[in-house]
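Worksheet for the structure shown next.
Only a predicted model underlies this, so the values are computations on that prediction, with no experimental measurement involved. Positions are given from 1, in the same order as the sequence printed here. Atoms within each ligand, like the ligands themselves, are counted from 1 in listed order. Excluded from the calculations below are hydrogen atoms, water molecules and symmetry mates; all remaining heavy atoms, backbone and side chain alike, are included.
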Amino acid sequence: MKHTGVMLAISVALLGGCQTQPETTTAVVECNQQCQAEQFEQLSERMINELWQLSPEWAIYQGKYEFAAKLTLPNQQQRQRTQAFVDKWRLALTNVDDGVLAASQQTDKALLLNIVNSMEWEQSRFKSWQWNPSQYNVGGVFGRILSEQWGTEQQVLQAVLARMLDVPEYYAVARTNIDNPTKQHTELAILQNKGSLAVFSQELLTRAKQSSLSVDDKINFEQRYFETRQAILSYISFLEQTLANMDAKPARSFRIGESLYEEKFSFDIQAGMSANQLYTKALADKDRAQQQMVKITTELWSKYFTTAMPNNKLVAVRQLIDHLSAQHVQRDNFVEEVRQQIPELVNFVNEKDLLTLDPTKPLIVRETPEYMRGFAGASISAPGPYDNGGNTYYNVTPLDNMGDEEAESYLREYNHWVLQILNIHEAIPGHYTQLVYSNNESSSLVKSLFGNGAMVEGWAVYAERVMLEQGYGDFEPELWLMYWKWNLRVICNTILDYSIHVLDMNEAEALDLLVNQAFQQQTEASQKWRRATLSQVQLTSYYSGFREIYDLREEQKLNKGEAFDLKDFHQQFLSYGSAPVKQIRGLMMSQQ
Ligand code: ZN
Ligand code: ZN
């Protein structure tokens, strides 16, 4: 009895102790909140560093070369390490209470959880390591190590030397992993691995011989260099044999089917709806865009043609687009024209008060540097998460290297009107503006590494719409016609991708959709078909992000009525960084 009494007394004393020190308790809670928020930052940093050790290749693509000397073997042991990483960090993240985190940290946490869940799904359910032979290719990472400026010549060559040691083993493991691959990914793997042989050129060998590597290292370098080339070549022959065997026994389909598609869509897009729901919206939007185009064409027809408008309305739309596309900038003027449009976009955004542009972060328009000129076009380059400072550039590739015919077709595509839409999309208030907000307001390593692509693309597509709605270009019907064509492309990307992977759409049907119903050129359409057979879901990101942002805005308008302010909406939306739209939506709704 007495014994028990003492126990009780101790318990009461402990409880009493807490109750009699309210200040201390409060202080502990406050510290917990602040400390836990700080602890979350440390936790996410530790997780990211561990990820770079798990996958040095992933790190290299993000500009981190610490573990560049280690080639990851795609073997069972690596898959076990990956699963252990997933289990460890999923638990750690789940244990963090959302309540102690700021909005931006909550979205960081969700992004990190999505990364680990999607790694697990990719490995144990999607299993593209079995059916996609193009996953095995050492060329890209070696190419990057050799071409980026990250270390001394000695360090670069040492890393290459060390990595080459495991290349034969790497391809041996690849061969045992591959099980009933698709024809399309096998063909791609052959093509790309042949391309990788260019990285291991005579030039590289000469570079090593002329370097300050030791005599022994030079001997090893030469030997491993030949073994690497041999390993790539024998992987190519293995794939060619696999391809030849497909004549006897049909290969796995490149179509992933409904369940895998929905699962991949939920990881990669993180939308507030299913892929099927998005597809249904896209079908309706396609009809709507076509109707708008027919309406505009009917109004404009007699302005440009003396003949009667064709009965087939879609044929008429195509004829008018072809006719208008002749209005384009001269090829030598391409970069200069883009440069001149930027201040006009800035003025318009300021005049209409669409959002606040930071004048201290000007966008620098430049000709795309030579080493980046893989393909024609325009892009934004921003300093990566591991570069400090640095400018943001709008790279515009001059048409110097194009033949006359190629240049003409390119200029018709980016005609007088489409070029303006492109600048809105890439620069202001599109990608560049979103990037500035994302870096300023919610600077987060997590988001710059794992930001949501659908939100980023969706914002740029939304920017096109809001500028035209607000009267950019004075509601010129020609500009709207080109806008709808541009928008139709984004809508049809979603329809195409879903239809191919889930609804068994064939190539003829795909080309009909893109050429006859979305007014694209045959070449563009064929390339799109090929891209959709090799990738899954990514093509839906533009439309998905756009649709969700647009719907959110309309919902807020309805809820707030007179009190709705477009500028506030834009600024609040952008303030959360590159998080999935559904999460931004949740945060915006909770703050009302
Ligand atoms: Zn022309
Ligand atoms: Zn874009």
Sidechain N-carboxylate O distance under 4.0 Å for D565, K560: no
Salt-bridge criterion met for K485 and E524 (N-O under 4.0 Å): no
Contact check: E457 to the Zn ion (ligand 2), N/O/S below 2.8 Å: yes
Heteroatoms of the protein, restricted to N/O/S, which lie under 2.8 Å from the Zn ion (ligand 1): H328 NE2, E408 OE1, E408 OE2
Evaluation steps, side chain to side chain donor-acceptor pair (under 3.5 Å), between S196 and N137: CA-CA 7 Å; S196 287; N137 186 347; 2.5 Å; yes
Counterpart residues, ring-ring contact (aromatic ring centres under 6.0 Å, His included), relative to H328 (two or more places apart): none
Lys NZ or Arg CZ of R366 over Y393 ring: under 6.0 Å, within 45°: yes
Within 45° cone of Y462 ring axis and under 6.0 Å: R465 NZ or CZ: no
